[in-house]
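Everything quoted here is computed from the prediction, not taken from an experiment.
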Amino acid sequence: MTENLRNIGIIAHIDAGKTTTTERILFYTGKTHRMGETHDGESVMDYLPYERERGITITSAATTCCWRDHVINIIDTPGHVDFTAEVERSLRVLDGAVVIFCAKGGVESQSETVWRQADTYHVPRLAYVNKMDAPGADFFRVVTQMEEVLGACPLLLNIPVGSQADFRGVVDLVKMKYISWEGELGSSMLEAEVPAAYLETAMACRQQLLERVAETDDRVLELYLNNEPIPDELLRQVIRANTLAGRLVPVLCGSSYRNTGVQPLLDAIVDYLPSPLDIPAPEAERENGTKQRLAGDAEGELAALVFKIVADRHVGNLAYVRVYSGRLEAGSYVWNPATGRRERVSRILKMHANHREEIPVVEAGDIAAVIGLKHVSTGHTLCSVEAPLVLEPISFPEPVIQIAINPVSRADQARVAEALARLADEDPTFRIAVNHETGETLISGMGELHLEIITERLKREFRVDVHLGEPQVAYKETITRPALGECKFVKQTGGRGQFAQVKLQIEPAKGFQVENRIQGGAIPREYIPAVEAGIREAMQEGPVKGYPVVNLKVTLLDGASHEVDSSELAFKTAGKLALKNALVKAGPRLLEPIMRLEITTPDEFTGNIVSNISSKRGRLESMETYRRTQIIRGLVPLAELFGYSTAIRSLSQGKAAFSMQFSHYEERA
């Protein structure tokens, strides 16, 4: 039943314990019979060899389990900023999320990123404060950071009993019971009265919970004001309603590694996160441009979104889909409006990391993988041939780093090109281009680790050896002032000639815009798209260093045509040359990517690290002290950060840790 289905994502900063928590969820729900550990390279969800070697998640993995007669589809996402696209596409198709925070690290830089991504897609979420047994763990500090840094309204559902090495259980604030764990791998939960030493804190937190809930519901408010007992079931109903509306974020705590606190998290997923029926059905666009909200049930018109492609050597492309309306059946034919092709769904699979279970049909609200689609990409819609419609695609961040790549032997040239194309099909943030001046192939990605994994996959999966150049920054160009550009393109040949004239104005803007102010048909309407195509082509190589041009508004002012010699090619060429002419006169400037850097270091190394940031053209944003540890945040150009992991180790005797993520582009000084 759809109301008993939960589609959730596990999202967090790197090393917060996402995969460890997912492994416990699979064990306690009976999906697996042993717990794999990330540090041992034996986790079920991190199944790729380079994930196991590094002990981190690189690609999101999907699985399905059952808890209290509810089916839970889980996507375990990476925490490293280089793979943020995996989080982006997962949140686009999920109904709810569990955000995991480290009780020691608190709200870290990537925690903020994934939280904002969840805000963008209006995803209801729970918070789980993990690693309560770690040295320096502080539950209430993390809750305060959620309010101050993320702007969340946390609602404590349980609080820890003990902390750090003494952590031994939680107090459930809804039931007002002390819960502890025993038995093999924490599979048995024991309920008891709240220990006297924690009763006062528990009563104060329970009071705060009731006050926050009463503010949103008249039934609870009346019982609260009359000092009458509030039934647990009513409390859960109201907490659920507030969670779905995004007003409150239920917060739980535990230590997944010590098998403590995971079962209450599963209960909260069932009790408070939405089913597909609780989420408004998305809008889809018809061929005629009209928008229509989908029925959102199995009897409606088919609408499914492809959110992930995995290249499989044995079966071809494996397409992960979320079905929003109707049903997708094995052996049926579907329509892909993006390519204008009819394709056959050969098989449908339920995924458990890299293990597969074949199923005959997937219905509205569910997630599955499809085999047999040959011409499909991330963000494409699958619908019925009779009723074509398009769902809103997924947007991804632009790559910020690029590197030259060449095969070791000339014989591998074609194989490298084919392998790169397949990897680009999988990953929307991985791009391939050719430098026409040098003939080199350039690959672009989100960071050094991202491109390192790509090259490792080339060697392991596709068995091709490559040479890598030095990493280069993916600069962009922009303009600083308005300028006019004009081109009269005339070409006479033996037969029919070419004629087109375009006059345009450019000015700085946010994003890219084209405005048509041509009057009197100076440029016939059918040639306007060709002019725009020429403009877009010219923007691929700016006048400063040949990097793409961004943040530009183009206004078409005038032009001329010839009834015989004008053509789309002529107007495309004229548009391209007119823009190039204007760009040179518009004060072009180089833009470079700026990274947000967060460093955690012992006090004694703070001075060295701050000086080093200044020497790298960086600027400090904030410094925070916590138990003789400094958390330094700043903005530094990406060009200065290649090999930074080695530099930070030498500055801090290996004791500092850092993370960085793309912030914005700004003009290079």
Side-chain angles (χ1 to χ4, degrees), residues 395-402 431 433 435-437 442 444 446 471-489 501-518 523 528 530-559 571-597 613-621 634-642 660-669:
S395 58
F396 294 99
E398 288 292 312
V400 296
I401 182 174
Q402 66 182 22
R431 308 278 172 82
N435 184 326
H436 295 294
E437 293 179 7
L442 301 174
S444 306
M446 300 304 295
Q472 297 178 344
V473 177
Y475 292 104
K476 295 187 186 297
E477 297 183 23
T478 192
I479 60 171
T480 55
R481 59 177 180 262
L484 291 172
E486 188 169 5
C487 173
K488 185 175 184 180
F489 179 68
Q501 186 171 347
V502 173
K503 183 179 181 181
L504 51 79
Q505 176 183 306
I506 60 173
E507 58 189 291
K510 191 172 182 180
F512 172 61
Q513 307 163 36
V514 177
E515 184 180 344
N516 183 3
R517 285 194 196 161
I518 292 172
I523 297 179
I528 297 296
V531 176
E532 287 191 26
I535 289 168
R536 290 179 185 275
E537 193 173 302
M539 288 175 64
Q540 297 308 305
E541 291 187 14
V544 182
K545 294 280 187 180
Y547 292 108
V549 180
V550 295
N551 299 336
L552 185 72
K553 180 180 179 182
V554 182
T555 306
L556 302 180
L557 300 176
D558 201 0
F571 273 102
K572 180 180 178 181
T573 306
K576 181 177 178 179
L577 296 175
L579 185 72
K580 282 181 176 274
N581 174 253
L583 287 172
V584 175
K585 299 183 285 186
R589 293 287 187 274
L590 205 60
L591 297 175
E592 65 177 339
I594 305 298
M595 308 301 284
R596 189 177 300 280
L597 192 65
I613 289 174
S614 299
S615 72
K616 292 181 178 294
R617 299 190 288 127
R619 55 184 185 268
L620 288 180
E621 279 195 313
L635 296 170
V636 184
L638 175 62
E640 305 287 344
L641 291 174
F642 292 129
M660 63 177 174
Q661 64 190 84
F662 172 71
S663 173
H664 62 282
Y665 273 90
E666 69 178 38
E667 196 172 309
R668 180 170 177 134

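- Listed for the Lys616 side chain is a donor-acceptor partner under 3.5 Å among the backbone atoms of Glu640.
- Residues satisfying the ring pair (Phe, Tyr, Trp, His ring centres under 6.0 Å) test with Tyr665, not counting sequence neighbours, are Phe662.
- Atom CD1 in Ile535 sits 11.5 Å away from atom CG in Leu577 (nearest 0.5 Å).
- For Lys488, there are no side-chain hydrogen bond (donor to acceptor under 3.5 Å, both in side chains) partners two or more places apart in sequence or in a different chain.
- Remark: Glu477 engages no residue in a side-chain hydrogen bond (donor to acceptor under 3.5 Å, both in side chains) (not counting sequence neighbours).
- Applying the salt bridge (Lys or Arg N to Asp or Glu O under 4.0 Å) test to residues at least two apart or on different chains, the pairs with a partner in residues 583-593 are Arg589-Glu667, Glu592-Arg617, Glu592-Arg668.
- Leu442 pairs by the side chain to side chain contact (heavy atoms under 4.5 Å, CB included) definition with Gln402, Ala404, Asn435, not counting sequence neighbours.
- In this structure Gln540 satisfies the side-chain hydrogen bond (donor to acceptor under 3.5 Å, both in side chains) test with no other residue, sequence neighbours excluded.
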- Task: Start with the C-alpha distance between Val502 and Phe571, add both sets of side-chain angles, then the distance that settles side-chain contact (heavy atoms from CB on, under 4.5 Å), and finish with yes or no.
- Result: CA-CA 8 Å; Val502 173; Phe571 273 102; 3.9 Å; yes

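- Ala483 and Ala582 make their closest contact through CB-O, 3.6 Å (heavy atoms, listed as atom of the first residue, atom of the second, distance).
- Remark: Arg431 pairs with Glu398 by the side-chain hydrogen bond (donor to acceptor under 3.5 Å, both in side chains) rule, at least two apart or across chains.
- Closest approach of Pro399 to Ser444, counting heavy atoms only: CB-CB, 3.7 Å.
- Side chains of Leu557 and Leu484 form a contact here, defined as non-hydrogen atoms less than 4.5 Å apart.
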- Between Ile506 and Leu583, does a side-chain contact (heavy atoms from CB on, under 4.5 Å) hold up when you go through it step by step? CA-CA 8 Å; Ile506 60 173; Leu583 287 172; 3.9 Å; yes

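- Applying the salt bridge (charged side-chain N to carboxylate O under 4.0 Å, His left out) rule to Arg596 yields the partners Glu621; only residues at least two apart in sequence or on another chain are considered.
- Salt-bridge annotation for Arg619 and Glu666: present, with a side-chain N of the basic residue lying under 4.0 Å from a carboxylate O of the acidic one.
- Residues satisfying the side chain to side chain contact (heavy atoms under 4.5 Å, CB included) test with Leu620, not counting sequence neighbours, are Val610, Ile613, Met623, Ile632.
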Side-chain donor-acceptor pairs of residues 543-554 under 3.5 Å, sequence neighbours excluded:
from: Asn551; atom 1: OD1; to: Gly511; atom 2: N; distance (Å): 3.1
from: Lys553; atom 1: NZ; to: Glu515; atom 2: OE1; distance (Å): 2.9

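- In this structure, Ile523 and Leu556 have side chains that are not in contact, with every pair of non-hydrogen atoms separated by 4.5 Å or more.
- For the pair Glu486 and Asn581, the tightest heavy-atom approach, listed with the atom from each and the gap, is N-OD1, 3.4 Å.
- Between Leu638 and Ile401 the shortest heavy-atom distance is CD2-CB, 4.3 Å.
- Atom CG of Leu591 is separated from atom NZ of Lys476 by 9.0 Å, given to the nearest 0.5 angstrom.
- Residues Ile528 and Ile518 are in side-chain contact: their nearest non-hydrogen atoms beyond the backbone lie under 4.5 Å apart.
- Residues Leu635 and Ser663 have side chains in contact (heavy-atom distance under 4.5 Å, counting atoms from C-beta outward).
- When all heavy atoms are compared, the tightest approach of Pro508 to Pro482 is CD-N, 4.1 Å.
- Here the closest heavy-atom approach between residue Ala586 and residue Ile479 is recorded as O-CB, 3.5 Å.
- Taking Lys576 as the reference, Glu537 meet the salt bridge (charged side-chain N to carboxylate O under 4.0 Å, His left out) condition, with sequence neighbours excluded.
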